[in-house]
Each structure stands twice: as C-alpha cells, then as structure tokens.
2 protein chains.
Amino acid sequence: MPFELPNLDFASLRTLRLVHELGSFSRAAETLGLAQSTVSYTLARLREAFDDPLFVRQGQGIVPTTRCSEIVAQAGELLDRFEELAAPRDFEPAVASLEIGISCNYYERVTILPQIVRVLRCEAPGIRLKVISSTVQGKGQLTRSQSDILLGAVQIQEAGYFRRSLFKEDYVCIMDPQNPLAQAPLDLESFVRAPQVIVNYGDGYRARFLVEMETAGYQPNTAMEVPSPASMDRILLGTDLIATVPRRIAQTYQGDVASVACPVSAEIPIDMFWTARTHSSAPHVWLRSLIATVSGREAESLQDARSSDTEDTHAFPDQSF
Amino acid sequence: MPFELPNLDFASLRTLRLVHELGSFSRAAETLGLAQSTVSYTLARLREAFDDPLFVRQGQGIVPTTRCSEIVAQAGELLDRFEELAAPRDFEPAVASLEIGISCNYYERVTILPQIVRVLRCEAPGIRLKVISSTVQGKGQLTRSQSDILLGAVQIQEAGYFRRSLFKEDYVCIMDPQNPLAQAPLDLESFVRAPQVIVNYGDGYRARFLVEMETAGYQPNTAMEVPSPASMDRILLGTDLIATVPRRIAQTYQGDVASVACPVSAEIPIDMFWTARTHSSAPHVWLRSLIATVSGREAESLQDARSSDTEDTHAFPDQSF
DNA sequence: AATGTGAATCGAAAATTTCGATAGGTTAAC
DNA sequence: GTTAACCTATCGAAATTTTCGATTCACATT
C-alpha cells in the first residue's frame, strides 16, 4: 500500500487552527468548551494523519513545526470553503447564477414565457432559461433531467411528480374580420360547416376541441392542416377560413383577426410539473412561484393528486417595465 | 443562533461522491466494503448537514438534487485538496520552493555559505536562504523562529536544541609575505611581541585564542582593533602588523598574505543548531545534511549532548560545477 | 530543591458508527 | 393482478470512537 489516506473531520481541523492561533492546547480546549485531554487526543489523531509532530514543546509553551504552519494555512482555506458550502443557501435572485430547463411547446412559449422572461431580466438576470420542445415527451425529459420544469396541457398519473395548476384555457374561433361569421355568436352548426385550418401540432397530438367534437359525433370541415398556430392570422386574412385556437394564442394576433367564442366547449388545463430533484432548490422554488403568479390566480400545488403543497406566493413586482 | 455549523468527515464526503457517481447506495456500500445501512446512515448525516434530500427516489434508482450536484462538485475539490495536503511530503530538491533562515556571522558566511549556495543553485534553486547576523543572539533567534538553523562557535547547554558538529577550526597568524616572522615557525614569545590587528567582532565577543593567551598570562601587543576580519589582507600588506584569524578565513586571502601556525593552540568547534520545530521537515533535514557534508567529515548529530541522531548523509554531487 | 505550568496518558463513561435483519416502496415480469 | 426483484429506510445490538476527570510527566522558573 502506497499510503493510507487518513480520515479527519472538519472539527479536528478547526481545533488545529485554534491551537495554532492560541499557541496552547489548554486555551483551545477552554475556548471550545472541551477538556484539555480531548484536544490532546484530537492532536494525536492529527499527528497520525499528517505524520508530523505539528507542535513541539519550547520552554513554556509550544511552537508549530514548519509543516504545521503549512497545514494550518491550507486547512484554513478548506474550512472556509466547507463552511461556505454548508451554509444555508440564501437565494438572492439578483445575484444568483444558474440555468433552469423548461420543457414546453409553442403554446406556453407564446403565452407564459414572455412574461417570465421580462421578470427574470429585471429581477434575476443571472438565471438562464433553457427551453426545449416537450412535444409529447415532456415527462421523460423531466425524469431524465433534461429539463427541470414541464409546462403544458399534460396529464401525469404516476406518482413522483409534483404538479401545480396554472390556469384553464378555452378555445376561440378566429377569422378574417370581414367574415360573416364574425358578426354574431357562432352556433355549432355553422362552426362544423365552416372551412377550417386545423392545427395538428405534429406528433399526432389532437386538440382537445377536436376530441370533444368527435365524441359528440361531428367532424370539422378541414380545409387545411398546419403544424403550428404561429402566424395563423397571415393565413386567414382575406379568406373564408376559420381556425380554432386557444384564447391566449388568439390574443397574440389581436387587431388583425376577429375572434368569437368556440361553440364546442373544451377546457384545457395548463399545469406545471416538476420532480423531487428540484423540489427543494431555492431558485427552482422561486421560479415556479413566479410562473404560477404570472400565470394567474388559480395557484394550487398538488403532488400525486393528493398532498397539497402550496408554494410561497411570489410577490409580483409592482414596478413598471 | 444563526446556523449550526455542521461537522462532517472527509470519508462522508467521499461516500457522497461515490454515491453520486454510482447512482446507488448499495453499490457504493459494496465498493467501500460497508453495509448498505451504513451508507444510508452516512447519507442521513449529510442530509442533515446540508439540509437537503441530496438524492430522491426516481423509479428504479435515485437522482441527485440540483443542490446535491453542486455539493458534489465542491466536495470533490475539497477532497482533492485535502488528499494532497495529507499526502506524505516527498521532498524533491529540484522543485521545492521555500525559504530557510540561517543565523550566523561573518566567519560562517565566508567559509560555509558560499559552498552551500553553489549546491543550492544547482540542485535546489527553489530554496531561498535568509541569512541573518547571529551576533550573540543566535539561540534566541532560533527559539523565536527568526531562523531555522544556527551556525557558529556557539555553546548551548540547555535542552531542546539539536546540535551537529561541523568541524574544528584553529588559528593561523597572517602577515605581509616580506615580514621576517613569515620565514619560520612562529614561537610564542615573538607572537606575543608582534604588533597585532585584533578582531573584536563587535558585541564584546573575544576570540578564543585571546582567552587562551590571557589564561596563560599573556597580553597581545594590540596595535589596532577592527570589528571584522574582512579585507584584513588590505590592512596588513606593506606593514609589520600581524593578525590572528581562523585558518579558513586566512585561506580566503590566499596568495596575498603569508600565514604561519599560531603558537597559541585554541580550537574552535563550529556547530550547527536547530530545534524540534524543523527537525522533521524534509527540506530542513536535507539542507542540514548538505551543510554537514559540505563542511567536512566529522558529521555527528547530538541532541542535548545525549541522544545521537545521525542524519541522512547527503550524497555530495560529483557532477562538476 | 520546590513550585508552577502545560501537555500526555489512563481508565471509565458517553456518544457515535457499524452491522445484520427487516420493513416499505417502486419497477418489471409472469 | 400477483409475484419477484431491487432499492433505500429503519431498528436494535454490537463495536468503535470520542470525551472526561484524574493523574503523570516534562520542563522552566523561583
């Protein structure tokens, strides 16, 4: 064996430092509230570990060996770093520097993230968001630690995930303002007949209102399919087409298109999910709280659809930006 | 109390690191040759110390919290530094960097140090010598850690000092080569009569041969007193003066002055002293060994004039320089 | 010599760590 | 679904380490 790597605890190093500082075993013991024999025993262990006398008697008192002084200098740094490491993390948004991963899709990127980003740039400029498309794999991304937070109209049954409802979304029908259907509330019959642009979101996902329509025995008059609701206004303007999109998406086209309530009632619950891995991390707690607050009032945290776990409410900043 | 600073040992941090690496308590226990419950208990202590779950269950196995990964990264550095600190110091002259303090006077600076410096520059260029004048305070300088090594014709009776004899020195009389006294061995009567330059070394120190003369009832014919034997040749040349100086000092004037044996026999033992503080330090051991080897053959180490402590003999380099 | 100061050592008590066994909880297979 | 496999958590007992008070030892000062 080349050399037996010794084990010591940080308290021993603190004792060593104190003895070095005070130049006395007895006074160190007194300061620490221990018996002198205890300090003596601790030093015996240190001597063993470092294979050096560390302190030698010199007349009245003791004198550190050169090696001892080296060790004390190094040990001081170790202690400082350890104590910093062990200190409770008081998270300060203003100075924190870290990356947080968010899985979501177009909808959340358009409706939730812009507000979050504005607050972050102002209050926590050191937090970097890494947003990835969740498609239908959001849960797996969470468990594989590819992201820390999953946002979306997802339903996770399994245990081991935390959930917080953000808000409920419903659908509106949008169309060219000249479209006759825009002049009055839309009835179901007209809605079914109207030529629609259907958003399929790729990956075989089917919008909730389509599922509801089907259940009720209706088929939409599909004139066109697109993978994303982005720039839907550009498509619709000047045509007789209508599109059924989440209300908050419709608001991003505001002014350019007319919107009316969708006669097929379908609510989409938008939730936030995370795992125990980040549950107790101060920055994550803070960001989740921010997301919940920014998203609306219906804040409510549940784990496994059982234990409620209300997070600290984020105090929304009243400063203007 | 603001926060209880926790105590941990380095073995716990190693366990943490291993669990993080292997992703399993059981496998870490197996690797360490411990029971799984032991690792579990160690993690309970770590969780307490860091106030964080550190690892959370995730299906099959466990996943580290974000805080845990931070801690492991930091702890890894702490462990590396600690292990480096605890590793046996294998002293390598070629790369060692440190300062060693030497107390001595003119005699040793002229006779011993030049050879030491040449070896150091060649073999241990990182060792910086800090030479201070010992005058008559050499012992105090040692005990106050103002120097690490004391060289000189000193006699320390007290315990607690290590000593190694370097060599014995005797006196020669030097003079202008034209001086009639230089032509034959000097007899005591001529010596006492001859006009001398007496070196008083300041500080009331009296050369050994003067003490011997006095004991024998003679007084030198003092023509002049100087504080140091430096440049004595410049003083003597062209005069009828003689000076009595240690033989190795006389050799530094070689060629310029004539020297004959001093009829008053007086041996000066030149010793090296140090304390327990540096006794076990590898670089100091090495340097002391070098000094002893360079100084002559009579190497012999004694503590308290009792316990002999022969140091490693320094293998004098046979390379030319 | 006697005295004082401070570290080392000793035996017993206290606290901590370790172990084996077992319980609790989740995943994969049948 | 039930079982089997595989984790970590927990428990009580045993082993080890740490602490303490008292004493001894070493050195320095009076």
Side-chain angles (χ1 to χ4, degrees), chain A residues 6-12 14-16 18-20 22-49 53-65 68 139-140 143 156-161 275-276 303-304 306-307, chain B residues 6-12 14-16 18-20 22-49 53-65 68 139-140 143 156-161 275-276 303-304 306-307:
Chain A
N7 187 27
L8 286 177
D9 54 19
F10 288 97
S12 297
R14 266 191 289 275
T15 300
L16 175 67
L18 192 62
V19 169
H20 188 265
L22 299 179
S24 159
F25 285 32
S26 319
R27 239 151 311 142
E30 200 180 344
T31 305
L32 293 167
L34 297 173
Q36 171 263 317
S37 59
T38 303
V39 171
S40 202
Y41 176 66
T42 299
L43 258 104
R45 274 178 295 143
L46 289 161
R47 284 165 165 161
E48 169 91 9
L54 298 178
F55 297 94
V56 294
R57 301 185 87 124
Q58 173 96 227
Q60 299 261 41
I62 54 174
V63 165
T65 64
C68 178
K139 196 189 69 178
T143 57
I156 298 180
Q157 306 298 346
E158 297 156 55
Y161 295 87
T275 64
Q303 184 186 13
D304 309 351
R306 285 184 268 115
S307 62
Chain B
N7 187 27
L8 286 177
D9 56 17
F10 288 98
S12 297
R14 265 191 289 274
T15 300
L16 176 67
L18 192 61
V19 169
H20 189 266
L22 299 179
S24 159
F25 287 29
S26 318
R27 239 150 313 143
E30 200 180 345
T31 305
L32 293 167
L34 297 173
Q36 171 265 317
S37 60
T38 302
V39 171
S40 201
Y41 176 66
T42 298
L43 259 106
R45 274 179 293 143
L46 288 161
R47 283 165 167 161
E48 169 92 9
L54 298 178
F55 296 94
V56 295
R57 302 185 85 125
Q58 174 98 223
Q60 300 259 41
I62 54 174
V63 164
T65 65
C68 178
K139 196 188 72 180
T143 59
I156 296 180
Q157 306 298 347
E158 296 154 57
Y161 295 87
T275 65
Q303 184 186 13
D304 310 349
R306 287 186 267 116
S307 65

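All chains are named by letter (A, B, ...) in the order of the sequence lines, taking the proteins before the strands, and each is independently numbered beginning at 1.
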Donor-acceptor pairs under 3.5 angstrom involving side-chain atoms of residues 32-39 of chain A: please list them, not counting sequence neighbours.
none

Set of ring pair (Phe, Tyr, Trp, His ring centres under 6.0 Å) partners for A:F10, sequence neighbours left out: A:F82, B:F10
Results of ring pair (Phe, Tyr, Trp, His ring centres under 6.0 Å) for A:F55 - residues two or more places apart only: none
Measure [atom1]/[X] against [atom2]/[N] and give the value in whole Å, please.
X      : N      : atom1 : atom2 : value
B:I156 : D:dA28 : CD1   : C1'   : 17 Å
B:L43  : C:dT18 : CG    : C1'   : 15 Å
B:L54  : D:dA9  : CG    : C1'   : 15 Å
A:Y161 : C:dT26 : OH    : C1'   : 12 Å
B:L8   : C:dT17 : CG    : P     : 10 Å
B:L22  : D:dC7  : CG    : P     : 12 Å

Inter-residue atom distance A:L22.CG - A:E30.CD, 0.5 Å rounding: 9.5 Å
Spatial distance of atom OG1 (A:T15) from atom CG (A:D9) [nearest 0.5 Å]: 8.0 Å
Look for any protein N or O under 3.5 Å of an N or O in nucleotides 12-16 of chain C and output each such pair with its distance, or none.
none

Residues which pass side chain to side chain contact (heavy atoms under 4.5 Å, CB included) with A:P53, listed by chain and number, not counting sequence neighbours: A:V56, A:T65, B:S280
Sub-4.0 Å heavy-atom contacts from residues 25-40 of chain B onto DNA chain D, ordered by number: B:F25, B:S26, B:R27, B:Q36, B:S37, B:S40
B:R57, nearest nucleotide to its side chain (from D:dC7, C:dA7, C:dA8): D:dC7
Non-hydrogen side-chain atoms of A:C68 and A:H20 separated by less than 4.5 Å: yes
Residues B:T275, A:V63; criterion side chain to side chain contact (heavy atoms under 4.5 Å, CB included); working and verdict: CA-CA 10 Å; B:T275 65; A:V63 165; over 6 Å; no
